[in-house]
**Q** 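This is the structure I want to talk about, given as structure tokens.
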There are 2 protein chains.
Amino acid sequence: MTNIRDLAKMAGVSVTTVSRVLNNHPYVKEEKRKAVLDAIKQSNYQPNINAVHLSMGKTFLVGVMVPSIDHPYFASLIKGISHEALTHNYNLVLFQTNYKEERELDALQMLKQKQIDALIICSRASSWPLIEEFLPYGPIVLCEDTRGKKVSSTFVDHYQTFIYALEYLIQNGHRKVGYSIGRKTGTNSKFREMAYKDFLKKNHLPFDPAYVFDNCLYFEDGERVVDTIASMDDPPSALLVTNDDVAAGIVTCARNRQISIPNDLALIGFNNQPIAKIMDITTIEIPLVEIGRKLFLQGIAENQEISYQEIPVRLIKRGTI
Amino acid sequence: MTNIRDLAKMAGVSVTTVSRVLNNHPYVKEEKRKAVLDAIKQSNYQPNINAVHLSMGKTFLVGVMVPSIDHPYFASLIKGISHEALTHNYNLVLFQTNYKEERELDALQMLKQKQIDALIICSRASSWPLIEEFLPYGPIVLCEDTRGKKVSSTFVDHYQTFIYALEYLIQNGHRKVGYSIGRKTGTNSKFREMAYKDFLKKNHLPFDPAYVFDNCLYFEDGERVVDTIASMDDPPSALLVTNDDVAAGIVTCARNRQISIPNDLALIGFNNQPIAKIMDITTIEIPLVEIGRKLFLQGIAENQEISYQEIPVRLIKRGTI
DNA sequence: TTGTAGGCGTTATCAG
DNA sequence: CTGATAACGCCTACAA
């Protein structure tokens, strides 16, 4: 493997000059630049990335914390992050946490140890104070509303979005409205819960905990929702489903049980995943890939200023309401 | 940031000794080992990963080539790879290729440039001769039958599996059998095509290209299949669907069009994804996560011997046949 | 069992 | 504009 010193010899210049042309620095006489370029060609030189990293004190690695890689929501986020990482010559370290605090700590620790240059937290189980402890050690970026906190984030205003969707349901005559959620804890879920309760209060509707379906992440979770609803004396007439996969599961299982959608049960999904289109599910579009991109950019931002990027969403009207 | 030299000073030993205890090498007096360990605790020392990499001439990075991160098949593979990488202190570099040869070349190039220690090719568009060119530069591992070639692989015998599934269909009285596939090119697809044609020949059945549905990757692709079948004069009575997501899409759309499954159309899916269970789809179980694990292990195997790991599969009987 | 010293390949500083 | 040279932090012959 030929190195920068070999190149210097071949081109009859110093290593400094070689480094300069390699990094497109100014102040190199065209003549010498040519010589170096030639040497590079002839030797088919490849820089040693490890040496570069050591010298720069950076790893060009960005950590990505997700509970699970194979959930469509996170897969889309990763897709966006991955795409942007590529164009910036960064690589990703995926931390699959399953919401185990222990695994989340691993990721945080790697930031502290400078083994990654930044950490993107797509979703977390750890408490905010814990995260906060690691802020001094490197850029941390979240995918939740962090306004008021000293961390950058790209997020959707889930409170407003939920209110908006709920209003839409009530305008369509629904008064018994519930929702399903991936997990009840978590910042985004808390905002949604708040919105739900505020909405009920404002419309003088009672809060029935049975109308909130927890642990709804995958298509197959739709079955549980339908089973439960089918067995209820006073079931909801409409549901906000925070994930199109689950909505699709509900649509599918409802059919089996002769529950008519939207007549017996209206649905609004979230994310506008491809499955929502094919199954004609009304949904709130969330540009996950774009969010992933922005998260990455915030993570490697040179000026380490804190920024909050709110991403707008929109309702896509289809056949489930 | 305290480094190995600082530790040496603190513990009153040489850097070599520190390095030795850090790497659990033998020949260190218990006394000194203690001293070093103490120094590490007090200084909360963290090794500089870049220096380690430079010194060892390794990156501890393994490349993973997939056409798309957010397809359940590849997501499962990645899950397995990622899990194993974690326990071996490796990180992953994801190459999302969309089957663009150009992107695939990027990955190969990174191997050549030693920017990754090994490359796992989950699926490819590039020709074998191209891949072969890069064999000398580092370990490449494939997820397809490479017996006879000088590369390691973990794979399913798709030929035998297809034959097996087809026999099962014919035993159940089907004579008009088709299949859907992600893409027609690709090693695994070729084996399946061979199996299909051999099967037809053996059973004196005609080959009808209209019975082969290309480009079936996602749930939504099931719609196209159903539409096509609905419009055929002489449609197949059974289908092998090489992906449970697509099978689920077919089941869903068939319902809309009053096509009864399995009466009008029988299905055997592949992979045994969760959606297959919930939708009661008969399927061939393929342990993708386990395959991912093995791929990784082959990639970092110390003795660079070539190994071929065939993974057994099994039929899971459910309601679509 | 221990330590010295050289090397890994770049980048950055600073004097010319 | 150019070039010595000193980091960067760790590993490992080799010598003792």
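Chain A is the first sequence line, chain B the second, and so forth, proteins listed ahead of strands; every chain is numbered from 1. Predicted, not measured: the structure shown is a model, and the values here were computed from it.
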**Q** Which heavy atom of D117(A) sits nearest to which heavy atom of P139(A), and what is that distance?
**A**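 Shortest heavy-atom separation between D117(A) and P139(A) comes out as O-CD, 3.2 Å.
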**Q** Taking all heavy atoms of F155(A) and all of C143(A), pick out the closest pair and write down the distance.
**A**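 Looking at all heavy atoms of both residues, the shortest contact is CB-C, 4.4 Å.
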**Q** Would you check if there is a donor-acceptor pair between the side chains of R33(B) and T17(B) at a distance under 3.5 Å?
**A**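 Result is no, nothing qualifies.
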**Q** Between dG9(C) atom P and Y45(A) atom OH, what is the distance in whole Å?
**A**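 One finds 10 Å between P of dG9(C) and OH of Y45(A), rounded.
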**Q** Which nucleotide in the list dT2(C), dG9(D), dT10(C) gets nearest to the side chain of V28(B)?
**A**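 The nucleotide sitting nearest to the side chain is dT2(C).
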**Q** Give the rounded distance in Å between these two atoms: NE2 of H25(B) and C1' of dT2(C).
**A**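 To the nearest whole Å, that distance equals 15 Å.
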**Q** Look at the aromatic rings of F60(A) and Y90(A) and report parallel, tilted or perpendicular, splitting at 30° and 60°.
**A**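 The arrangement is tilted - the two ring planes meet at 30° to 60°.
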**Q** Does K32(A) have a side-chain nitrogen or oxygen under 4.0 Å from the phosphate oxygens OP1 or OP2 of dG3(D)?
**A**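 Looking at the OP1 and OP2 atoms of dG3(D), one of them is under 4.0 Å from a side-chain N or O of K32(A).
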**Q** How far apart are the closest heavy atoms of L135(B) and V151(B), and which atoms are they?
**A**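 Closest approach of L135(B) to V151(B): CD1-CG1, 3.8 Å.
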**Q** Look at the aromatic rings of H88(B) and F296(B) and report parallel, tilted or perpendicular, splitting at 30° and 60°.
**A**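 The rings of H88(B) and F296(B) sit tilted, inter-plane angle from 30° to 60°.
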**Q** Give me the residues of residues 14-23 of chain A where at least one heavy atom lies under 4.0 Å from an atom of DNA chain D, by number, or none.
**A**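 Under 4.0 Å from DNA chain D: S14(A), V15(A), T16(A), T17(A), R20(A).
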**Q** In whole angstroms, how far is the C1' atom of dG6(C) from the CZ atom of R5(A)?
**A**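 Spelled out: CZ on R5(A) to C1' on dG6(C) is 12 Å.
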**Q** Of all the heavy-atom pairs spanning S153(B) and V141(B), show the shortest one and how long it is.
**A**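 Shortest heavy-atom contact: CA-CG1, 4.3 Å.
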**Q** Between P on dC8(D) and NZ on K114(A), what's the gap in Å once rounded to a whole number?
**A**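 Those two atoms, NZ and P, are 15 Å apart.
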**Q** Between dT2(D), dG9(C), dC11(D), which one does the side chain of K29(A) approach most closely?
**A**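 Of all the options, the side chain of K29(A) is nearest to dT2(D).
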**Q** At 4.0 Å (heavy atoms only), tell me whether P26(A) reaches a base, stays on the sugar-phosphate, or touches nothing.
**A**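 It contacts nothing in the nucleic acid.
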**Q** Please give, in whole Å, the distance from dG9(C) C1' to L7(A) CG?
**A**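 Result: 11 Å.
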**Q** Provide, to the nearest angstrom, the distance between the NZ atom belonging to K9(A) and the C1' atom belonging to dG9(C).
**A**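 It is 14 Å, rounded to the nearest whole Å.
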**Q** Roughly how many Å is it from CD in E30(A) to P in dT2(D), rounded to a whole number?
**A**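 After rounding, the gap between these two atoms is 10 Å.
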**Q** Closest nucleotide of DNA chain C for L54(B) versus for G12(B): which of these residues is on the 5' side?
**A**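 Counting from the 5' end, the first nearest nucleotide belongs to G12(B).
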**Q** Between atom CG in N3(A) and atom P in dG7(C), what is the gap in whole Å?
**A**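 In whole Å, dG7(C) P and N3(A) CG are 13 Å from each other.
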